[in-house]
Amino acid sequence: MRYTFSNKLKIGSIILMVVGALCLGIGFVSAPSTVDEAKEMVASAHGDGHGNAHGSAAEHTNDTHGNDHDAVNAHAKTEAHGEDHGAAHDEHVFHQLQNRPWSALYVAAFFFFMISLGVLAFYAIQRAAQAGWSPILFRVMEGITAYLAPGGIIVFVILALSVMHVNHLFTWADPEVVAHDALIQGKSGYLNPTFFLIRAAIFLAGWIAYRFYSKKLSLAQDDADDNSNFVKNFRLSAGFLVFYLVTESMMSWDWIMSFDPHWFSTLFGWYVFASMFVSGITTIALITIYLKSKGLLEQVNNSHIHDLAKFMFGISIFWTYLWFSQFMLIWYANIPEEAVYYISRIEHYKLPFFGMLALNFIFPLLVLMNSDYKRVNWFVVMVGIVILFGHYLDVFNMVMPATVGENWHFGVPEIGGILFFAGLFILIVFNALTKEELMPKRNPFIEESRQFHY
């Protein structure tokens with residue numbers, strides 16, 4: 001049986017995209033176009049106390065030194081330094097405020113792309129492991145990974161615009177910054193716009209190519225007389241997982257960690273992987289439950305949902321282990337270049353930082369520990385929505401402090417980014433699900449998957 005994309009859902013996804021695009025447009029239009037506008041925005045946000053600090057220092061010096069020549073010269077140098085520092089600070093804040101709509105766009109674009117990429121990894125693992133419980137869900141996974149190509153192209157375009165200095169997201173792409181930063185100069189052999197975009201193109205090409213050929217073999221298996229396509233898919237998936245583990249780690253360094261080129265973590269690739277993996281599995285569960293509620297995937301039973309919920313629970317614990325390992329080692333070592341990552345988040349991002357930890361660890365731990373609850377569809381949906389929002393906040397926390405600093409808000413552009421890419425994701429994924437029968441026919445393990453109970 002094929003899925004029919006209802007007009008209501010299609011229209012709803014288009015409305016989400018239109019509203020989201022309008023909100024993003026408002027974010028870009030309302031961003032300051034000059035340093036003076038940025039100063040006015042900061043002054044209005046902080047009660048005009050922060051913006052005049054440098055001016056008051058200059059006024060103070062006019063009343064203290066009399067006619068002493070040396071004192072006057074010293075005062076002049078101090079005043080000049082204060083003015084230079086103030087101008088640099090004002091321009092830095094200006095760039096941060098200009099970054100806000102770009103950051104909101106990027107966070108949402110990357111989040112929905114990483115869902116699709118996480119599903120692709122889960123799909124490849126099921127293929128390589130020759131799992132018997134999951135073939136009944138393969139069409140759902142293939143539908144979700146349809147977003148990989150368009151979502152990846154959008155992320156690539158944002159990256160290209162960023163390193164071409166259309167915005168100020170990547171400081172290492174700014175020649176003026178690099179000229180005065182010895183540490184970034186030392187990394188310029190790796191962090192340079194040309195090599196950066198070549199790597200991104202290789203990552204995307206590899207992921208999209210695997211998705212294309214694996215699905216082609218999967219569909220060919222339905223009409224085949226033997227299991228040769230299944231065996232080819234097994235070998236392809238096993239090889240792809242090696243490529244995936246390397247490129248996913250490098251992608252996390254390039255696309256997220258390099259927002260702050262002074263900071264690094266050897267656990268970061270695994271940390272990002274855990275976030276995208278649990279988000280992808282959660283999305284599989286949500287879409288499977290939705291299709292089952294529409295009278296499709298009738299042979300999906302509570303044991304399949306239970307297994308997906310077990311993965312949601314287990315990978316949430318794995319994510320927490322990686323989060324704590326990264327946090328504890330950096331905090332305990334107290335090396336300034338490393339600790340600044342958490343200091344900036346704890347000082348200026350308390351709500352999203354600790355809220356993300358509660359949503360991604362405490363909540364799943366408490367509500368999914370009970371085995372019976374993992375079989376209740378509405379309960380899994382509720383938990384899944386919370387987990388997805390928690391990992392959106394995780395991406396928000398990874399990107400915003402380095403690009404926007406303390407001048408962050410959760411408002412129109414952030415909501416617009418979520419709405420636009422949620423609508424695009426729904427439109428592409430559910431349209432892809434209409435293309436093929438939802439139930440594989442000749443997978444060697446399909447009968448085992450149908451009869452999966454415990």
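Please read these numbers as outputs of a predicted model, since none were measured by experiment.
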Q | Heavy-atom pair with the smallest gap, counting every atom of Ala309 and Val380 | A | CB-CG2, 4.3 Å
Q. Between Trp263 and Glu338, what is the shortest heavy-atom contact and its length?
A. NE1-O, 3.1 Å
Q.
Looking only at the aromatic ring of each residue, does the gap between the centers of Tyr349 and Trp408 stay below 6.0 angstrom?
A. yes
Q | Student check: side-chain heavy atoms of Trp323 and Phe361 closer than 4.5 Å | A | no
Q. Do Tyr321 and Gln326 have side-chain N/O donor and acceptor atoms under 3.5 Å apart?
A. no
**Q.** side chain to side chain donor-acceptor pair (under 3.5 Å) assessment of Asn233 paired with Tyr213
**A.** CA-CA 8 Å; Asn233 217 341; Tyr213 286 110; over 6 Å; no
Q.
Please check this pair: side chain of Ser449 against backbone of Ile446, looking for a donor-acceptor N/O pair closer than 3.5 Å.
A. no
Q: Report yes or no: do Ser237 and Tyr123 form a side-chain donor-acceptor pair below 3.5 Å?
A: no
Q | Asp254 vs Phe203 side-chain heavy atoms within contact, under 4.5 Å | A | yes
(Q) So Leu424 and Ile154, do their side chains get closer than 4.5 Å, heavy atoms only? (A) yes
Q | Any donor-acceptor N/O pair, Ser214 side chain to Arg211 backbone, under 3.5 Å | A | no
Q: Assert yes or no for the condition that the ring centre distance of Trp253 to Phe268 is strictly below 6.0 Å.
A: no
Q: Using distance alone, with no hydrogens and no angle criterion, decide if Trp172 and Asp181 have a side-chain donor and acceptor under 3.5 Å apart.
A: no
Q.
When you compare the side chain of Ser371 with that of His306, does any pair of heavy atoms fall below 4.5 Å?
A. yes
Counting only pairs under 3.5 Å, give me each side-chain donor-acceptor contact of residues 284-291, with atom names and distances, residues two or more places apart or in other chains.
unit_1	atom_1	unit_2	atom_2	d
Thr288	OG1	Ile284	O	2.7

Under 3.5 Å, sequence neighbours excluded: what are the donor-acceptor pairs made by side chains of residues 95-115?
unit_1	atom_1	unit_2	atom_2	d
His95	NE2	His168	NE2	3.4
Gln96	OE1	Asn407	ND2	2.8
Gln96	NE2	His92	NE2	3.1
Gln98	NE2	Pro32	O	3.3
Asn99	OD1	His168	N	3.2
Asn99	ND2	His95	O	3.4
Asn99	ND2	His168	O	3.2
Asn99	ND2	Thr403	O	2.9
Arg100	NE	Glu414	OE2	3.0
Arg100	NH2	Glu414	OE1	2.9
Ser103	OG	Asn99	O	3.0
Ser103	OG	Thr403	OG1	2.8
Tyr106	OH	Trp255	O	2.8

(Q) Taking NZ in Lys216 as the centre, count heavy atoms belonging to other residues, nucleotides or ligands within less than 6.0 Å. Is the count above 12? (A) no
Q: Indicate yes or no: at least one non-hydrogen side-chain atom of Phe353 is less than 4.5 angstrom from one of Tyr342.
A: yes
Q: Check Leu191 against Ser258 and note the closest heavy-atom contact, atom names and distance.
A: CD2-CB, 3.9 Å
**Q.** Separation of Ser316 OG from Phe363 CZ (nearest 0.5 Å)
**A.** 10.5 Å
**Q.** Plane angle bin for Phe230 and Phe445 - parallel if under 30°, tilted between 30 and 60°, otherwise perpendicular
**A.** tilted
Q) Leu241 and Ala128: which non-hydrogen atoms are nearest, and at how many Å? A) CD1-CB, 3.8 Å
Q) Can you tell me how far the CG atom of Asn167 sits from the CZ atom of Phe28, to the nearest 0.5 Å? A) 8.0 Å
(Q) Ignoring hydrogens, what is the shortest heavy-atom contact between Pro364 and Ile387? Give both atom names and the distance. (A) CG-CG1, 4.0 Å
Q: Look at the side chain of Asn192 and the backbone N and O of Gly189, then say whether any donor-acceptor pair between them is shorter than 3.5 Å.
A: yes
Q.
With a 3.5 Å distance limit and no angle check, can you tell me whether Lys374 reaches the backbone of Leu368 through a side-chain donor-acceptor pair?
A. yes
Would you tabulate the side-chain donor-acceptor contacts of residues 132-140 under 3.5 Å, counting partners in other chains and residues two or more places apart, or write 'none'?
unit_1	atom_1	unit_2	atom_2	d
Trp133	NE1	Gln126	OE1	3.3
Ser134	OG	Gln126	OE1	2.8
Arg139	NE	Glu437	O	3.3
Arg139	NH1	Glu142	OE1	3.0
Arg139	NH1	Glu142	OE2	3.4
Arg139	NH1	Ser218	OG	3.0
Arg139	NH2	Asp222	OD2	2.5

**Q.** Among Val383, Thr282, Val278, side-chain contact (heavy atoms from CB on, under 4.5 Å) partner for Leu388
**A.** Thr282
(Q) Within this structure, what is the CG-OG distance for the pair Asp394 and Ser275, rounded to the nearest 0.5 Å? (A) 4.0 Å
Q: Could you tell me whether Arg375 sits above the aromatic face of Tyr373, with NZ or CZ closer than 6.0 angstrom to the six-membered ring centre and within 45 degrees of the axis?
A: no
(Q) Quick one, Asn302 and His453 - any side-chain contact, counting heavy atoms below 4.5 Å? (A) no
(Q) Determine whether the aromatic ring centres of residues Phe277 and Phe318 are separated by less than 6.0 angstrom. (A) no
Q. Do Tyr190 and Met250 have side chains that get closer than 4.5 Å, going by heavy atoms?
A. yes
Q: Report yes or no: do Asp307 and His304 form a side-chain donor-acceptor pair below 3.5 Å?
A: no
Q | Tyr341 six-ring face occupied by Arg345 cation (under 6.0 Å, within 45°) | A | yes
Q. Hey, are the side chains of Phe396 and Met356 touching, using non-hydrogen atoms and a 4.5 Å cut-off?
A. no
